[in-house]
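Computed from a prediction, not measured in an experiment: that's the story for all the values here. Just so you know, ligand 1 is whichever comes first in the structure, and atom 1 is the first atom listed for that ligand.
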Amino acid sequence: MKLTPDARFPTLCIHAGQEPDPATGAIITPIYQTSTYVQEGLGKHKGYEYARTQNPTRAALEANIAALEGGAQGFAFASGMAAIGAVASLLQAGDHAIVGDNTYGGTFRLFEKVLRRQGITASYVDTRDIDAIAAAIQPTTRLLLLETPTNPMMGLTDLAAAAEVAHRRDVAVVVDNTFASPALQQPLAFGCDLVLHSTTKYLNGHSDSIGGIVVAQRDDHREWLSFYQNAYGAILSPFDSWLVLRGTKTLALRMTQHNANGLSLATFLAGHPKVSRVLYPGLPTHPQHALAAAQMRGFGGMLAFDMGSVEAARRVVEKVRIFALAESLGGVESLIGHPASMTHASVPPERRAALGLTDGLVRISAGIEDIADLTADLAQALD
Ligand SMILES: Cc1ncc(COP(=O)(O)O)c(C=O)c1O
């Protein structure tokens, strides 16, 4: 099997990075569950010496996701947070980062509770506003960390414009692309420098693995991340690499259904009298709908809606039958959650208020079940 240079996204999902196993011809990359590799003689080996440093299953996944993001090289880590930590390792004491103000709570915690102790500072900026990004750049700023759409407020950042203002001041741009997946958005194509994922979510897609990946483009980033991955050692296991490889085979197909179900549920909720507001970039009422249409190929499976009070939100999340009340997102099964008390409980109440993250907000990760069943379930819970 040889991929042509113009192979399209669904074909890359299934084939990129994967050759039949050289030992047996197995069409699926085996789980190379080994810690070390036997060497023929001193300095004579097959390119594999020790499994923290190199593992064929992990290498296949890294090549696969690098191809999906259109990047040069991937580096798989034990979790999405370990991937964010790897990117943060590009910073040194005295450096400054700009981070989106509605960033994932774990990213905020990493910057405030770990990196700040090491002399790295961060400013939290509403990156929907490109002028605000430009204004926040200091002489010591080295990194701009973006999420688009954000969790759970569904705010977007114009990636090409953000990359342009950052690059003018020599600031590297990294995008946490977990929410969109490369099926919907490829940040490197907009000029960003690095992309990362919690593979736990859409890339694996089956809610049975924790993992993370960074895709790099620049030679200096690739060199550092190769060194760091081995030096720090927080690698993705062969089994988890294999699970995510299996997941990415169906990424294009799954995202088509996540998009369709997300849009359908958002439209249903927007017309429901008990719902005061719906946050979904696919709705024409979303203030950044035009940017979403230009920057994304589909609007995704994530949406949030406001029930007006914590009591009303509680009733909905406790009355649904098909939606599971759980943290996380991006799996084939639909999940529902209450950001203020679950995913964003670690965000101080005044920061939540400033973001508009109310106690009545409910978040949905639309799975790929039949849309009629999902809509009926929400309808009975709301009634
Ligand atoms: C946008 C985003 N980035 C990073 C992470 C962290 O990933 P992990 O839980 O795999 O460490 C999450 C987890 O929810 C997330 O939603």
Side-chain angles (χ1 to χ4, degrees), residues 61 65 69 74-89 97 99-115 122 124 127 143-157 159 174-185 187 192 194-215 232 234-237 239-241 243-244 247-248 258 279 281 296 300-304 324 326-331 335-347 355 357 361 363-366:
L61 175 69
I65 297 180
E69 286 290 2
F75 304 89
F77 294 94
S79 68
M81 284 318 305
I84 296 170
V87 166
S89 77
V99 180
D101 62 353
N102 183 205
T103 194
Y104 172 60
T107 305
F108 179 72
R109 182 174 53 206
L110 177 70
F111 272 92
E112 288 310 302
K113 303 273 196 241
V114 180
L115 298 171
Y124 302 92
T127 58
L143 206 67
L144 167 63
L145 174 53
L146 301 170
E147 284 172 46
T148 176
T150 59
N151 171 21
M153 301 310 295
M154 307 307 294
L156 270 68
T157 298
L159 292 174
V174 50
V175 179
D176 180 337
N177 205 23
T178 300
F179 250 49
S181 93
L184 308 190
Q185 172 175 282
C192 301
L194 293 148
V195 184
L196 67 88
H197 287 271
S198 164
T199 59
T200 312
K201 312 296 176 353
Y202 286 109
L203 292 180
N204 179 53
H206 293 74
S207 312
D208 52 12
S209 160
I210 294 279
I213 195 153
V214 182
V215 177
Y232 209 79
I235 48 157
L236 192 65
S237 76
F239 182 55
D240 286 286
S241 299
L243 281 174
V244 183
T248 58
H258 285 299
L279 309 176
M296 303 172 74
M302 298 304 301
L303 57 133
E327 307 225 353
S328 201
L329 61 109
L335 303 183
I336 198 162
H338 180 242
S341 67
M342 296 169 70
T343 47
H344 290 67
S346 64
V347 178
L355 292 169
L357 200 168
L361 203 69
R363 189 188 80 175
I364 280 180
S365 168

Item checked: Evaluation steps, side chain to side chain contact (heavy atoms under 4.5 Å, CB included), between Met154 and Leu303 -> CA-CA 7 Å; Met154 307 307 294; Leu303 57 133; 5.7 Å; no
Could you pull out every N or O of ligand 1 that sits under 3.5 Å from a protein N or O, with the distance for each pair?
| from | atom 1 | to | atom 2 | distance (Å) |
| --- | --- | --- | --- | --- |
| ligand 1 | 3 (N) | Asp176 | OD2 | 2.6 |
| ligand 1 | 7 (O) | Ser198 | OG | 3.1 |
| ligand 1 | 10 (O) | Gly80 | N | 2.9 |
| ligand 1 | 10 (O) | Ser198 | OG | 2.8 |
| ligand 1 | 10 (O) | Thr200 | OG1 | 2.7 |
| ligand 1 | 11 (O) | Gly80 | N | 3.0 |
| ligand 1 | 11 (O) | Met81 | N | 2.9 |
| ligand 1 | 14 (O) | Lys201 | NZ | 2.7 |

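Between Ile84 and the choices Val174, Thr107, Val214, the side-chain contact (heavy atoms from CB on, under 4.5 Å) rule is met once, by Thr107.
Partners of Phe239 under the ring-ring contact (aromatic ring centres under 6.0 Å, His included) rule, at least two apart in sequence or in another chain, do not exist in this structure. In terms of the ring-ring contact (aromatic ring centres under 6.0 Å, His included) criterion, residue partners of Phe108 (sequence neighbours excluded) are, by chain and number, Tyr124. Evaluation of the side chain to side chain contact (heavy atoms under 4.5 Å, CB included) rule for Ser209 yields Asn204, Asp240, Leu243, Val244 as partners, not counting sequence neighbours.
One side chain, Thr103 or Glu147, offers a donor N or O that lies under 3.5 Å from an acceptor on the other.
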